Amino acid sequence: MTPAEAQKRIAQLRHELASHDEHYYRQARPEISDFEYDVLKAELADLEARFPELATVNSPTRRVGDDRAEGFARVKHRLAMTTLDNTYDEAELREFHARLVKALASEDLDYTVEPKIDGVAVSLTYEHGRLTRAVTRGDGEEGDDVTANVRTLRGLPHTLRPGDDLLAPALPELIEIRGEIFLREEEFRRINQLQEEAGEALYANPRNLAAGTLKLLDPKLVTARRLEVVLYGMGACEPAPELLALDAQTTLQTRLQEWGLPVVDKFWAVRGIDAVWAAIGELDRLRRSFAYPTDGAVVKLNRFSQQAVVGYRGAGQAARKLSPRWACAYKFAPDRAETRIRAISLQVGRTGAVTPVAELEPVLLAGTTVKRATLHNADEIARKDVRVGDAVLVEKAGEIIPAVVEVLLAKRPADSVPYVFPPECPACGTALVREEGGVKWLCPNPACPEKVRRKIEHFASKACLDIDGLGEEVVDLLLRHGLIKNLADLFTLKVDVLLPLKKSGEVWANNLVNAIAARRRADLWRVIHGLGIPQVGAASAKDLARRFRSLDALAAASLNDLVQIDGFGEKTAEAVRRWFDEPANQVLIAALLAAGLEPTPPGEAAAGAVLAGKTLVLTGTLPSLSRDEAAALIEAAGGKVSGSVSRKTHYVVAGEDAGSKLEKAKSLGVPVLDEAGLRALLG
Ligand code: IVH
């Protein structure tokens, strides 16, 4: 490879990795598997090593992904949270050991081998044994303050147990304890089931769902999803660890457990790299029985004094610390299987997004037969040069939909031709348009039969109007017979036109017409959700229904009115405005109302409710009210409790140990109340 070629490839890889980082860390919706990501990153690191003149300080290989999101206060870690170097290769793991043998001039090194938990990294600060703060990794130096959300975690003590042993060292004055927040597989499936019923997008895997949940702005919503945490490491500690007899990773594990904190099910303390390798094998056999998802093993030099000798990469330069030389992650390759692509089909969703799907020769993978796998989007097909007839590897790494991860070029049929993503919608032939700033291709035709079908299915689904008996099959039947063309037509269906569709269909026809009629007065938010406005899920639909109380008022809302709604960003506001500006949608609304739909606005808060229209934020521990009790009182008085402080917050109610939210309230000039103040306000 010439330097010019390397430069081109490096630029391409950096660009791709930056885009995947954005999806993984900030949006918690990755487009490729971790393994594919690691492969791209390894290629970049390799090129940068071969062409050092092309390496730059801000390359993705030298950065920690950034998970910081809007709506959270930023907190600096006392000791930076670095990541780990990882490998899928035994030889590289042995090189890690060889480097340490050299640096420490000793063959007999003691290690711990721990499960590598596939969760979301978090740093918990305990001061004098009390949990005072929880912060995400962020960019490694500074993360998001997620204390309110982390306090809802079952199984995480807010106070450390000092231990019964009188000789045991006291609790540290301050300690940053590091670990991973995760969701159990069952909980992941339960929530995705609810998402599906609610017509919301599914989460790709438990890690993404955990990450998304941790970044919810309302701690009450977090409680409803059973996040858990497991702890394994330490950041800053005062007084210094050696004064607390904390001298090794094994001691730390014991101490965390004595303090009552959740720790890993099992870890191995071993000497030498062969024993490390044996422990990794044992871990791989056991790991599926653990509560948390694991994607590898973390091997750490046990003694802190030895860790200090070898230190961190990047520590010498002005740049930040990168990763410890004393630890290495060995990752288990995900379950994969080889098969062949019979065809590539295209699915049109209700928003018009066209998703390519590989139709496969059926293959057994991680216990299930896989016949279809996602190809993500046109760019991914082009990047991998996926063709019909190709032998491919499919992967299922906890994800719901298996994905095609690699084309086996050596097995490519001689007569294969590159796949050309069709420029037209497969359902209606309209020229596709590229999603603004995104990778999707969209069918812009509002009358596209596939879009219409998906929209009607969504409108009738449990999450929206919840019309009994109007599932995919019946929608298909009605469309095929030309009885409906849009949502409004549902409300004008008559029994006599349905009768010929089914043998002895009288009962069926009557039930269906009655079921539809029963939803004429559906909740306004269900109707709004059912319209399928981009960016508007059930929660936003409820906000819109509360604020505008009728479809007409919502249709007339200005961008400014929309951004005033708590939790609405510009993107959502614009999406709503754009939807109502579309003439076809105005026709649809008029048709729905003309067909007799009478959406019901939410009940008013009790007349004269003192907190009607007011948003409050709770922070810290109140003297006599629990958080739930305080929230219930506020809501009963017509107020809304929000998880984050903004200019739109009317009051912050602060108790003991109030942290960054209180600071933010002060900096924004939001009035702060204590419990007595809240009670006075409530009268
Ligand atoms: S120790 C200095 N131990 O995996 C970094 N990390 O891919 C020390 N992780 O950044 C981290 N399980 O967020 C450590 N048993 C374990 C772990 C673990 C999962 C996470 C952690 C780390 C990332 C690296």
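No experiment lies behind these values; they were computed from the predicted model shown. Counting starts at 1 for both ligands and their atoms, in listed order.
- Every protein residue with a heavy atom nearer than 4.0 Å to ligand 1 is included here: T82, T83, L84, E114, P115, K116, I117, A121, R137, E180, Y232, V298, K300, P324.
- By the 4.0 Å N-to-carboxylate-O rule, R130 lies too far from E127 to be salt-bridged with it.
- With salt bridges taken as basic N to acidic carboxylate O contacts below 4.0 Å, one links E187 and R190.
- Using a 4.0 Å cut-off between charged nitrogen and carboxylate oxygen, D89 and R94 do not count as a salt-bridge pair.
- Ring geometry, Y111 versus F96: the interplanar angle falls from 30° to 60°, so the pair is classed tilted.
- Ion pair R313/D85 flagged as a salt bridge, since at least one NZ, NE, NH1 or NH2 atom sits closer than 4.0 Å to an Asp/Glu carboxylate oxygen.
- A donor atom on one side chain and an acceptor atom on the other are found under 3.5 Å apart for S123 and R178.
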